[in-house]
Participant: 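Pasting a structure below so you can have a look.
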Amino acid sequence: MTASSAPEATWVVVGRTSDGIAAITLDAAGAQRDRVAVDGGFAEFVRDMERDAAPRWVWSDTPTWYAALLDAGVRVARCHDLRLVHAILRDSSLVSEAAELRAAVQWDAGAVADAPPEAALFELEAPDPAGPPDLLEEAVAEFARQREALAQASASARLRLLVAAESAGALIAAELRAAGLPWDVAAHDAILTTVLGERPPGGGPPAHVQEAADRVRAALGDPVLSLDSQPKLLRALHRAGIMVESTSRWELARHDHPAIAPLVEYKRLARLLSANGWAWLEEWVRDGRFRPVYVPAGVVTGRWASSGGGALQLPRQLRAAVRADPGWALVVADVAQLEPRVLAAMAHDRSLAQAARGADLYAGVVADGTVGSRADAKVAMLGAMYGATTGDSGRLLPRLRRAYPAAMALVDDAARVGERGGVVTTWLGRTSPPPSASWMRVRQKGAAAEASVADESRARRAAGDRGRFTRNFVVQGTAAEWALTWLADLRRRLAELPLVDERDAAPASGPVFDRRPHLAFFLHDEIIVHTPLSHAEAVAQAVRDAAAAAGRMLFGAFAVDFPLDLRIDESAAKS
DNA sequence: AATTCGTCCTGC
DNA sequence: TCAGGCAGGACGAATT
């Protein structure tokens, strides 16, 4: 790499060749400027390029390329993830001229988790066991197809924002895994012991679990009943005269019997033990860090999924185990009522935006006279976004339609399109998948002249289901775009904060993260930043600024508040 | 014996 | 949990 070519290195495509890894440098227009073999270490190459030219790295799949860089202590500012972007452009209704891109089915490979290598053994039956192509020439060709599709797209500014945010999210997901969430094992253990009781030395259930089980068995008059088998438990309940159809908590709660309370208690304890008990702690927390695998766009709406450790379902009960390192703090922030705020913005609904002024949108819905209580406001708004038709929520919808006609028209239209078999698109251009072949068959059968009552009912049911899906897709998907933009902008701001002094730095999360604030957790509308104490206030401001910036980047001048619940948790212990 | 299915519960 | 969207994980039961 010559020094003179560096300033023109707007994009650097990396990939494998027959001789090893090589890189092709493109200028802003996409013209090829340079091609170099990466003779030495890939990490050193990237570190030098990043310092000299700060290009946007173009690669097949972020976990494949970035995990090793992070291990070597190298971060990059920007990338273009060909696999994730391919999936967006392939399906987006904003992209019309993309026959070549859609024909490049080798890029349709599913998500490749940055799991340990042995995970590949389980993918032998997948169409492309190696994941997306990592050959340099393939990457260059796909990148050209994607640039062309973007250039041709309508609303291409939005689509470009989505592409950039999606790729930034891929970097963040890899960094979140590398950094991990600070987890206090002793605090977790104390919670378990308090709630579940002491573990008997010889094995067996913890004390409180055993006690609850014994009380259930006594009340049901069956001293050897297995409470963990749903069919057996159901039969025992019936024998005791408790005529439930399931053993779920909400149904049990309707009956009055001495076995109910201890059974509900048993289920609560058994759940904690099996999902997040000592075995979980042993398996998922290493060196004081919980490191789940995040899967950007793992959900069809664009939300992230996770795999391993149940990162997206951490019970509130265990939040107390999330603790900053000594000398560090956690900045914890979530957006209040993200989805209805996003709906107000994308529909340009001035009344709903007015109700969204301030910290509590539901209070605003009460204040403007739409409904009488905060609880009604919440259930009505959720029903509007999820497609409720009956009950309290369904009954309140006409009032929402009168008060917020633009917002309700947006979700009602999305539902109608889905019911008819159409696709819907988020604010930035992510498009829902088309209906499945089986859905089409059910619908055709129901519409046929000789359709039975059952056929018609099944078709109606399928149409309604899909309408609720597309109704929710536009809101959930756009909310995910807002959150992704928030994350990406926050990451950029955090990178601009100065490193802390060596003397302040704790042995935190490895060489990349030990001296600066870094993201540690993300869950749909919540982020946690782990930061040296000295930077906590600056981080909190960066989190707020990024939220405001995300609103502007997506929705421009149409102002909707995105207020945060934000707190700074300092470490309890000081070393 | 291994894999898939169904139930239940956690999160947003 | 009266209803209505998107998920993952554990476990036992059913299936192959």
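Chain A is the first sequence line, chain B the second, and so forth, proteins listed ahead of strands; every chain is numbered from 1.
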Participant: Would A/R466 and A/W439 count as a cation-pi pair here, with the cationic atom under 6.0 angstrom from the ring centre and within 45° of the axis?
Facilitator: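 Judged by the rule (NZ or CZ under 6.0 Å from the ring centre, within 45° of its axis), A/R466 counts as positioned above A/W439.
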
Participant: Apply salt bridge (charged side-chain N to carboxylate O under 4.0 Å, His left out) to A/R471 and list each qualifying residue two or more places apart in sequence or on a separate chain.
Facilitator: A/D412

Participant: What is the distance, to the nearest angstrom, from the OH atom on A/Y386 to the P atom on C/dC6?
Facilitator: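 Atom OH in A/Y386 sits about 10 Å away from atom P in C/dC6.
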
Participant: Please examine the side chains of A/L273 and A/L196, heavy atoms only from C-beta on, and report whether any two atoms are closer than 4.5 Å.
Facilitator: yes

Participant: Any stems for DNA chain C, made of 3 or more Watson-Crick or G-U pairs in a row, each with both distances under 3.5 Å?
Facilitator: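 Only these stems qualify: B:1-12 with C:5-16.
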
Participant: Specify the closest pair of heavy atoms between A/S306 and A/A311, including all atoms of both residues, with the distance to one decimal.
Facilitator: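 For A/S306 and A/A311, the tightest heavy-atom pair comes out as OG-N, 3.7 Å.
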
Participant: Taking the side chain of A/P315 as its heavy atoms from C-beta onward, which of C/dG4, B/dG11, C/dG5 lies nearest to it?
Facilitator: B/dG11

Participant: Test of understanding: with side chain to side chain contact (heavy atoms under 4.5 Å, CB included), list the residues that count as partners of A/P231, not counting sequence neighbours.
Facilitator: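 Side chain to side chain contact (heavy atoms under 4.5 Å, CB included) list for A/P231, sorted by chain: A/S229, A/R235.
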
Participant: Distance check needed: C/dC6 P versus A/F473 CZ, whole Å only.
Facilitator: 11 Å

Participant: Is there a side-chain contact between A/R316 and the phosphate of B/dC12, meaning an N or O under 4.0 Å from OP1 or OP2?
Facilitator: yes

Participant: Take atom CZ of A/R395 and atom C1' of C/dC2, then tell me their distance rounded to the nearest Å.
Facilitator: 9 Å

Participant: What pair of heavy atoms forms the shortest contact from A/V411 to A/A384, and how long is it?
Facilitator: CG2-O, 3.9 Å

Participant: Expressed in angstrom and rounded to an integer, what is the separation of A/E265 atom CD from B/dC9 atom P?
Facilitator: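 Rounded to the whole Å, the gap is 13 Å.
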
Participant: Rounding to a whole Å, what distance do you find between A/D465:CG and C/dG5:P?
Facilitator: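 Rounded to whole Å, this separation is 7 Å.
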
Participant: Return the orientation label for the A/W427 and A/F555 ring planes: parallel under 30°, perpendicular over 60°, tilted otherwise.
Facilitator: tilted

Participant: Given C/dG4, C/dG5, C/dG8, which nucleotide is nearest the side-chain atoms of A/R303?
Facilitator: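 Looking only at side-chain atoms, A/R303 lies closest to C/dG5.
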
Participant: Rounded off to whole Å, could you give me the CG-to-P distance for the A/L382 and C/dG5 pair?
Facilitator: 12 Å

Participant: What residues from residues 237-257 of chain A pass a heavy-atom cutoff of under 4.0 Å to DNA chain B?
Facilitator: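 A/S246, A/T247, A/S248, A/R249 - these, ordered by number, are the residues of the stretch whose heavy atoms sit under 4.0 Å from the strand.
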
Participant: Would you indicate, yes or no, if C/dG5 has its OP1 or OP2 atom less than 4.0 angstrom from a side-chain nitrogen or oxygen of A/R468?
Facilitator: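 Indeed, a polar side-chain atom of A/R468 lies that close.
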
Participant: Output one letter per nucleotide in nucleotides 11-16 of chain C: B when a protein non-hydrogen atom lies under 4.0 Å from the base, S when only the sugar-phosphate is that close, - when neither is.
Facilitator: SSS---

Participant: Can you name the nearest heavy-atom pair linking A/L400 to A/M408, along with the distance?
Facilitator: O-CG, 3.7 Å

Participant: Who pairs with A/R357 by salt bridge (charged side-chain N to carboxylate O under 4.0 Å, His left out), at least two apart in sequence or on another chain?
Facilitator: none

Participant: In whole angstrom, give the distance that lies between atom CG of A/L396 and atom P of C/dC2.
Facilitator: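 To the nearest whole Å, that distance equals 16 Å.
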
Participant: For A/L272 and C/dG9, what is the distance between atoms CG and P respectively, to the nearest whole Å?
Facilitator: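 Computing the A/L272:CG to C/dG9:P distance gives 17 Å.
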
Participant: For A/P206 versus A/W278, what's the shortest heavy-atom pair and its separation?
Facilitator: CG-CZ3, 3.9 Å

Participant: Is any NZ, NE, NH1 or NH2 atom of the basic residue among A/R319 and A/E526 found under 4.0 Å from an Asp or Glu carboxylate oxygen of the other?
Facilitator: yes

Participant: For the side chain of A/H524, counting heavy atoms from C-beta on, which of C/dG8, B/dG11, C/dC2 is nearest?
Facilitator: B/dG11

Participant: Search all heavy atoms of A/Y404 against all heavy atoms of A/L352 and return the closest pair with its distance.
Facilitator: CD2-N, 3.4 Å

